[in-house]
Amino acid sequence: DRVAARPDMQMASTPQLPRQSAAPASVALLANRPGFTDKTTRPRGTRYLPMTLEQLRKSRNALFWTLHAAGWGGYAISQYFGALLQTEPVAYHEVIAIAAVSGFVLSAPLRYIYRRLWGHPLRTMLVGVLASCYAIALALRVIINLAYKNLVEPTWQFKTIFEVLTGSLTMTYLLLCWSALYFGIKYYESLQQQREAALKATALAQEAQLKMLRYQLNPHFLFNTLN
């Protein structure tokens with residue numbers, strides 16, 4: 001038999017399919033996540049965006065920390081340009097950096113305090129917001145004034161303890177603005193959630209009505225067909 005005598009011809013006649021490397025299980029799991037983009041399937045020349053604006057809006061943690069950092073960064077930039085206009089010494093720039101970092105760290109717990117205050121009566125919320133902002137403002141002014149004394153004016157001596165707290169009222173106003181922005185965004189998010197819930201309820205009601213109409217029409221259709 002010719003085919004039996006030459007097995008190499010039989011092997012050559014069968015086409016060889018290219019081997020496909022199996023993707024790891026971790027890549028398959030990550031591919032199901034929203035916002036995941038595989039770099040191997042991306043066309044060349046496109047930029048890789050780790051998170052879109054819509055995903056940033058839906059992620060509360062990412063949105064909070066982004067706005068929080070942007071707010072204190074804007075505070076540092078405004079203070080820096082103000083120091084340039086007033087011809088402050090170079091050491092004052094270090095005081096501005098210390099104030100921005102301290103404000104970023106000390107005002108972050110306000111988020112968790114306001115979460116507990118949310119839903120309480122308005123009077124309770126106002127008292128809690130004012131007390132929290134004033135307490136953090138006092139701590140911030142102590143840090144800022146001590147940094148100013150050690151870096152800019154080492155000869156400055158505090159005559160009373162109230163001089164260490166100088167500027168607490170201004171810092172309280174700043175934290176109140178922070179609080180107003182926080183509650184404004186939270187209230188907007190709650191309105192959006194209520195609107196989405198109402199739209200879902202309306203869609204479910206319409207779908208239920210359509211199903212009822214179909215159930216009512218199906219027996220008549222069968223009866224007419226049989227006739």
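All values derive from a computational prediction rather than experimental measurement. What's counted below: heavy atoms across the whole structure, side chains too, no hydrogens, waters or symmetry copies.
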Taking atom [atom1] of [X] and atom [atom2] of [Y], what is their separation to the nearest 0.5 Å?
{"X": "Gln86", "Y": "Gln79", "atom1": "CD", "atom2": "CD", "result": "9.0 Å"}
{"X": "Leu138", "Y": "Cys133", "atom1": "CG", "atom2": "SG", "result": "11.5 Å"}
{"X": "Gln206", "Y": "Lys211", "atom1": "CD", "atom2": "NZ", "result": "13.5 Å"}
{"X": "Leu117", "Y": "Leu122", "atom1": "CG", "atom2": "CG", "result": "11.5 Å"}

| note | Grouping ILVMFWY residues whenever side-chain heavy atoms fall under 4.5 Å, the cluster of Ile77 otherwise contains Tyr80, Phe81, Leu84
Would you list the pairs meeting side-chain hydrogen bond (donor to acceptor under 3.5 Å, both in side chains) in which at least one residue belongs to [range], sequence neighbours left out?
{"range": "residues 124-135", "value": "none"}
{"range": "residues 110-121", "value": "Asn61-Arg111, Tyr114-Ser179"}
{"range": "residues 141-150", "value": "Arg141-Asn145, Tyr148-Glu153"}

| said: In the structure I gave you, are the side-chain heavy atoms of Phe183 and Tyr188 within less than 4.5 Å of one another anywhere? | reply: no
| said: Could you check whether any side-chain heavy atom of Val129 comes within less than 4.5 Å of a side-chain heavy atom of Leu175, counting everything from C-beta outward? | reply: no
In terms of hydrophobic clusters joined by side-chain contacts under 4.5 Å, are [X] and [Y] together?
{"X": "Tyr173", "Y": "Leu126", "value": "no"}
{"X": "Leu67", "Y": "Ile136", "value": "no"}
{"X": "Tyr182", "Y": "Trp65", "value": "yes"}
{"X": "Leu130", "Y": "Val127", "value": "no"}

Apply ring-ring contact (aromatic ring centres under 6.0 Å, His included) to [X] and list each qualifying residue two or more places apart in sequence or on a separate chain.
{"X": "Tyr75", "answer": "Trp72"}
{"X": "Phe158", "answer": "Trp156"}
{"X": "Phe64", "answer": "His68"}

| Who passes side chain to side chain contact (heavy atoms under 4.5 Å, CB included) against Gln194, sequence neighbours left out? | Leu191
| Partners of Leu181 by side chain to side chain contact (heavy atoms under 4.5 Å, CB included), sequence neighbours excluded? | Ile185
| For atom CD1 of Ile161, is the number of surrounding heavy atoms from other residues, nucleotides or ligands below 6.0 Å larger than 12? |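 Incorrect, the count does not exceed 12.
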| message | Which heavy atom of Leu106 sits nearest to which heavy atom of Pro109, and what is that distance? | response | O-CD, 3.2 Å
Side-chain donor-acceptor pairs of residues 162-170 under 3.5 Å, sequence neighbours excluded:
{"unit_1": "Glu163", "atom_1": "OE1", "unit_2": "Lys159", "atom_2": "N", "d": "3.1"}
{"unit_1": "Thr166", "atom_1": "OG1", "unit_2": "Glu163", "atom_2": "O", "d": "2.7"}
{"unit_1": "Ser168", "atom_1": "OG", "unit_2": "Leu165", "atom_2": "O", "d": "2.5"}

List the atom pairs, with distances to 0.1 Å, where a side-chain N or O of residues 91-103 and a protein N or O form a donor-acceptor pair under 3.5 Å, not counting sequence neighbours.
{"unit_1": "Ser102", "atom_1": "OG", "unit_2": "Ile98", "atom_2": "O", "d": "2.7"}

